[in-house]
Amino acid sequence: MRNKKLTRSFYVRPTLIVAKELLGKYIVRKIGREKLVGKIIETEAYIGPQDKASHAYEGKVTPRNRAEYLIGGHIYIYLVYGMYWQLNITTGKEGKPECVLIRALELPQTKPKNLASGPGKLCRYLKLNKSFYEEDLTRSKRIWLEDREEKIRPSQIVATKRIGIDYAGPYWSRRKWRFLLKKMIK
DNA sequence: GTACAGATTGAG
DNA sequence: TCAATCTGTACT
């Protein structure tokens with residue numbers, strides 16, 4: 001199997017497309033000589049400034065969210081609830097505040113289950129923190145994404161409403177911009 | 001200096 | 001379903 005590192009052209013596309021195509025891709029985190037790998041099985045799209053659930057709603061820029069405006073392929077990471085990191089990958093062109101939240105990973109069978117089964121947990125597992133703010137996934141030596149050429153059929157992708165954003169009102173909270181990969185039957 | 005949000009989690 | 005939990009952010 002050939003492992004291809006995802007390049008800039010993958011990320012610089014419409015956010016909803018990238019969010020769907022990230023499913024089944026592998027995230028690789030290198031810590032010293034150890035390598036942590038997980039398959040992306042759940043994502044969520046945030047499309048500011050029109051998206052009320054986005055931190056960049058109405059084109060707002062703060063020191064916290066400025067990474068969201070970077071060209072696709074960068075990491076936008078921030079803290080929620082004072083304790084959980086959220087890993088986002090920017091998409092689209094420079095100046096477009098769009099990104100994809102990585103919500104869950106599937107780990108190799110050698111690892112305990114549910115170790116990365118939520119946005120906060122996967123960051124804890126991958127040891128991600130503020131030092132990854134604005135990290136470039138196409139250049140970084142410690143974290144990147146790989147295409148292992150696993151075929152994902154459209155029928156395997158489930159779209160549901162996004163989580164935890166009811167404050168954004170019914171219109172935005174009902175957008176089906178959360179994408180999950182159905183469990184493969186082995 | 002201080003109020004407060006908050007894209008969660010885990011227990012029930 | 002629901003509340004505990006705490007630090008960075010964005011105000012005064």
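We name chains A, B, ... by the order of the sequence lines, and we start the count at 1 in each one. All values derive from a computational prediction rather than experimental measurement.
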| Do we get A/Lys52 above A/Trp172's six-membered ring, with its NZ or CZ under 6.0 Å from the centre and within 45° of the axis? |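 Judged by the rule, A/Lys52 and A/Trp172 form no cation-pi pair.
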Query - Cation-pi check, A/Arg8 onto A/Phe10 ring (under 6.0 Å, within 45° of axis) - result: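 That pair does not qualify as a cation-pi contact.
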Counting only heavy atoms not in A/Lys30, do more than 12 sit closer than 6.0 Å to its NZ atom?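 Incorrect, the count does not exceed 12.
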Counting primed atoms, P, OP1 and OP2 as sugar-phosphate and everything else as base, the B/S/- map of nucleotides 5-11 of chain C against protein heavy atoms under 4.0 Å is BBBSSS-
(message) Within the 4.5 Å heavy-atom criterion, are A/Ile27 and A/Leu87 side-chain neighbours or not?
(response)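 SC-SC contact between A/Ile27 and A/Leu87 confirmed.
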For [X], which contact category applies under a 4.0 Å heavy-atom criterion: base, sugar-phosphate, or nothing?
X: A/Ile165; result: sugar-phosphate
X: A/Arg103; result: sugar-phosphate
X: A/Gln86; result: sugar-phosphate

**Message:** Could you tell me the Watson-Crick or G-U partner of B/dA7, where both distances fall under 3.5 Å? Say none if there is no partner.
**Reply:**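 Per the H-bond distance test, none.
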Nucleotide paired to C/dT5 in any strand shown, Watson-Crick or G-U, under 3.5 Å: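 Its partner is none (no Watson-Crick or G-U wobble pair with both distances under 3.5 Å).
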### Message
Considering only residues two or more places apart or on different chains, which pairs with a residue in residues 25-68 of chain A satisfy ring pair (Phe, Tyr, Trp, His ring centres under 6.0 Å)?
### Response
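Listed once each, the pairs are A/His55-A/Tyr78.
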Fill in: Distance in Å, A/Ile71 CD1 paired with A/Lys96 NZ, rounded so as to fall on 0.5 Å steps
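Rounded to the nearest 0.5 Å, the CD1-NZ separation comes out at 12.5 Å.
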Quiz item: So which of A/Asn114, A/Leu115, A/Leu126, A/Leu105 actually passes side-chain contact (heavy atoms from CB on, under 4.5 Å) with A/Lys121?
Solution: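 Among the candidates, only A/Asn114 passes.
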For a 4.0 angstrom threshold against heavy atoms of chain A, report the outermost contacting nucleotides of DNA chain B in 5' to 3' order.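 The protein-touched segment is B/dG6 to B/dG10.
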Any donor-acceptor N/O pair, A/Ser173 side chain to A/Gly169 backbone, under 3.5 Å |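 Side chain of A/Ser173 to backbone of A/Gly169: a pair is present.
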